[in-house]
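Report on the structure given below.
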Amino acid sequence: MATRVPARIGWALERLALSGDETVLEIGCGRGIAASVVGAALRRGTITAIDRSKVAIDAAAATNAELAASGRATFHQASIETFAPGAARFDVIFAINVNVFWLNAGPALDSARRLLTDGGRLWLFYEPPSAGQGERIREALTAQFAENGFTSQFFGTTLGKVAQIGVTARPA
């Protein structure tokens, strides 16, 4: 049975506009729904998915067993701050509703900078519970990026009655 892809995840992944050849890192993969969609879009690229939760990683790996068996996906229990993939670098790093980037982003952004290829991009997506919270997230992200040497561009939409925030960033 196919897993239903929530609208917020579909919207976020469409923004990535993957060619199919990228190396992709998903931060906070949960049960692996986004990894499934990204993996299906990859031709020669790969997706690596991380989550702090062992339960989430076990579920994501089970959901994506075929993708992992093909060598196009790997799953690791780790935070962005502790993830150590050896020499691997990523063209695209993305996260959906991962709060560390607007709460205390310094260590996470240092890790993202280290893990991105030259010209690589960090993409963050949020579904705030209210307009006020959305503005708070946007202001916090703007400050965190500026303080940590990233340039950023915000965008958004409304899905149904729910606002979505997206931002793409690069090390300056």
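For this chain, numbers begin at 1 and follow the sequence in order.
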What pairs of donor and acceptor atoms, side-chain ones from residues 164-172 against any protein atom, are under 3.5 angstrom apart with sequence neighbours left out?
| unit_1 | atom_1 | unit_2 | atom_2 | d |
| --- | --- | --- | --- | --- |
| Gln164 | NE2 | Glu127 | OE2 | 3.0 |
| Thr168 | OG1 | Arg121 | NH1 | 3.0 |

Separation between CD1 (Ile137) and CZ (Phe154), nearest 0.5 Å, reads 10.0 Å
Transitive ILVMFWY side-chain link Val98 to Val5, under 4.5 Å
no
The reported gap from CZ in Arg15 to CG in Leu13 (rounded to nearest 0.5 angstrom) is 9.5 Å
Q) Hey, does Leu115 have a side-chain heavy atom less than 4.5 Å from the side chain of Ile80? A) yes
Applying side chain to side chain donor-acceptor pair (under 3.5 Å) to Asn64 and not counting sequence neighbours gives Ser36
Value for CD1 (Ile50) from CD1 (Ile93), rounded to nearest 0.5 Å, stands at 8.5 Å
Between the side chain of Asp51 and the main-chain N/O of Ile57, is any donor-acceptor distance below 3.5 Å? no
Between Ala60 and Gly30 the two heavy atoms that sit nearest each other are CB-O, 3.6 Å
Original post:
Backbone N or O of Ala40 within a donor-acceptor pair of the Arg72 side chain at under 3.5 Å?
Top reply: no
>> Using a 6.0 Å cut-off, check whether atom CZ of Arg43 has over 12 heavy atoms from anything other than its own residue.
In response: yes
For Ala34 and Glu26 the tightest heavy-atom approach is CB-OE2, 3.5 Å
* Do the side chains of Val100 and Ile27 get nearer than 4.5 Å, heavy atoms only? -> no
So the side chain to side chain donor-acceptor pair (under 3.5 Å) pairs with at least one residue in residues 89-100 (sequence neighbours excluded) are Thr23-Asp91, Asp91-Thr117, Asn99-Trp102
The complete set of ring pair (Phe, Tyr, Trp, His ring centres under 6.0 Å) pairs with one or both residues in residues 54-80, sequence neighbours excluded, reads His76-Phe83
(request) Identify whether the distance between the nearest side-chain nitrogen and carboxylate oxygen of Asp110 and Arg114 falls below 4.0 Å. (result) no
Would you list the atom pairs, donor with acceptor, under 3.5 Å between side chains in residues 138-151 and any protein atom, with sequence neighbours excluded?
| unit_1 | atom_1 | unit_2 | atom_2 | d |
| --- | --- | --- | --- | --- |
| Thr142 | OG1 | Arg138 | O | 2.9 |
| Gln144 | OE1 | Ala105 | N | 3.2 |
| Asn148 | ND2 | Gln144 | O | 2.8 |

The complete set of ring pair (Phe, Tyr, Trp, His ring centres under 6.0 Å) pairs with one or both residues in residues 10-60, sequence neighbours excluded, reads Trp11-Phe125, Trp11-Phe155
Assess the residue pair Thr46 and Thr74 against the criterion (side chain to side chain contact (heavy atoms under 4.5 Å, CB included)); give the C-alpha distance rounded to whole Å, side-chain angles, the decisive distance to 0.1 Å, and a yes or no. CA-CA 8 Å; Thr46 60; Thr74 58; over 6 Å; no
Notebook entry, point to check: Under a 4.5 Å cut-off applied to non-hydrogen side-chain atoms, are Val38 and Leu18 in contact?
Noted result: yes
- Task: Give a yes or no on whether Leu109 and Phe94 share a hydrophobic cluster (residues Ile, Leu, Val, Met, Phe, Trp, Tyr; joining criterion: side-chain heavy atoms under 4.5 Å apart).
- Result: no
Scanning both residues in full, the closest heavy-atom pair of Arg52 with Glu81 reads NH2-OE1, 3.3 Å
In this structure, CZ of Arg8 is separated from CG of Leu159 (nearest 0.5 Å) by 10.0 Å
Here the gap from Phe90 atom CZ to Thr48 atom OG1, rounded to the nearest 0.5 Å, amounts to 4.0 Å
(Q) Between Ile9 and Leu25, is there shared hydrophobic-cluster membership here, with clusters defined by ILVMFWY side-chain heavy atoms closer than 4.5 Å? (A) no
- Task: Kindly indicate whether the side chain of Ile33, heavy atoms from C-beta on, has any atom under 4.5 Å from the side chain of Pro6.
- Result: yes
dist Leu42:CG -> Glu22:CD (nearest 0.5 Å) comes out at 7.0 Å
Original post:
Honestly curious: do Val55 and Ile96 fall in one hydrophobic cluster under the side-chain, below-4.5 Å linking rule?
Top reply: no
